[in-house]
Amino acid sequence: MSTPEDGGAPALRDQYSLWAQPKGRLGEQLKAEIAHLAARHGAPVFPPHTTVLGDIERPGGRQEVLAVAAELAKKVKKYRINFTDVTRGSIYYQCVYLSVAKDEGAMAAAATAREVFGITTGPYMPHLSLLYSDIPQEERAKAVEYETARLYGESSGYDTLLVENGYQVDSLAVWYTPVADKSLQSWCLVGEFELTG
């Protein structure tokens, strides 16, 4: 492992995230949309997902994270994620995204994840990111208009309209996601757990 002292890059922190990922046609469509936006803005490509819990760090590292995630999956019932609209945020990882309705299932999954992992964070804001970037707010606003037209607008020619306005969550994926790696080169799937009910 290289360190800044020996001239290498700083070591990445051992951070993980729990994701609810869309599958099937919607998953493929959102994957293509994220790649399309990334190409327009010179941004990285990432798999479509709604984060259930991020910034997870454990003393026992990856094995402990996976063990706790397996326990969590037994306590979370299958649920549905419903999109509300395209909007923008103020940080890199929430540049342009699909807002997710704060339905009971989504909020309960997040609350249970925080409880099981013993993490207290700010209020949960479920969303599915479409673009990671530090572009200025004016550019973000234009990207929101552009994506709204592509995903919801009649002027899209119907070839980019959302095939579904949400998806069923029947598993939770554990991803290695060190926040400092904005290139996402190190990000990878490390485990997936089926939900019980």
- request: Check whether the side chains of Thr196 and Lys78 place a donor and an acceptor atom closer than 3.5 Å, and report yes or no.
  value: no

Hey, any chance [X] and [Y] share a hydrophobic cluster, counting ILVMFWY side chains that come within less than 4.5 Å of each other, even indirectly?
| X | Y | value |
| --- | --- | --- |
| Leu18 | Leu189 | yes |
| Tyr97 | Leu30 | no |
| Phe193 | Ile119 | yes |

Is any side-chain N of the basic residue among [X] and [Y] closer than 4.0 Å to the acidic one's carboxylate O?
| X | Y | value |
| --- | --- | --- |
| Arg150 | Glu147 | yes |
| Arg58 | Asp14 | no |
| Lys142 | Glu145 | no |

Residue pair Val52 / Ser17, side-chain heavy-atom distance below 4.5 Å: no

- prompt: Less than 4.5 Å apart, any side-chain heavy atom of Asp181 and any of Tyr176?
  reply: no

Could you tell me whether [X] sits above the aromatic face of [Y], with NZ or CZ closer than 6.0 angstrom to the six-membered ring centre and within 45 degrees of the axis?
| X | Y | result |
| --- | --- | --- |
| Arg62 | Tyr16 | no |
| Lys182 | Tyr92 | yes |
| Arg40 | Tyr146 | yes |

With no hydrogens and no angle check, is any side-chain donor or acceptor of [X] less than 3.5 Å from a backbone partner on [Y]?
| X | Y | result |
| --- | --- | --- |
| His49 | Pro47 | yes |
| Ser183 | Gln185 | yes |
| His127 | Met125 | yes |

message: Please check if the number of heavy atoms outside Arg80 that lie under 6.0 Å from its CZ is greater than 12.
response: yes

query: Say you draw a straight line from CD of Glu164 to CZ of Arg25; how long is it, rounded to the nearest 0.5 Å?
result: 7.5 Å

- prompt: Which residue pairs pass the salt bridge (charged side-chain N to carboxylate O under 4.0 Å, His left out) test when at least one of the two sits in residues 101-121, sequence neighbours left out?
  reply: none

- prompt: Taking the hydrophobic residues Ile, Leu, Val, Met, Phe, Trp and Tyr, and joining any pair whose side-chain heavy atoms are under 4.5 Å apart, which ones share a cluster with Tyr124?
  reply: Met107

- prompt: With Ser171, which of Glu192, Glu194, Gln21 fulfils side chain to side chain donor-acceptor pair (under 3.5 Å)?
  reply: Glu192

message: Angle between ring planes, Tyr132 versus Phe46, binned at 30° and 60°: parallel, tilted or perpendicular?
response: parallel

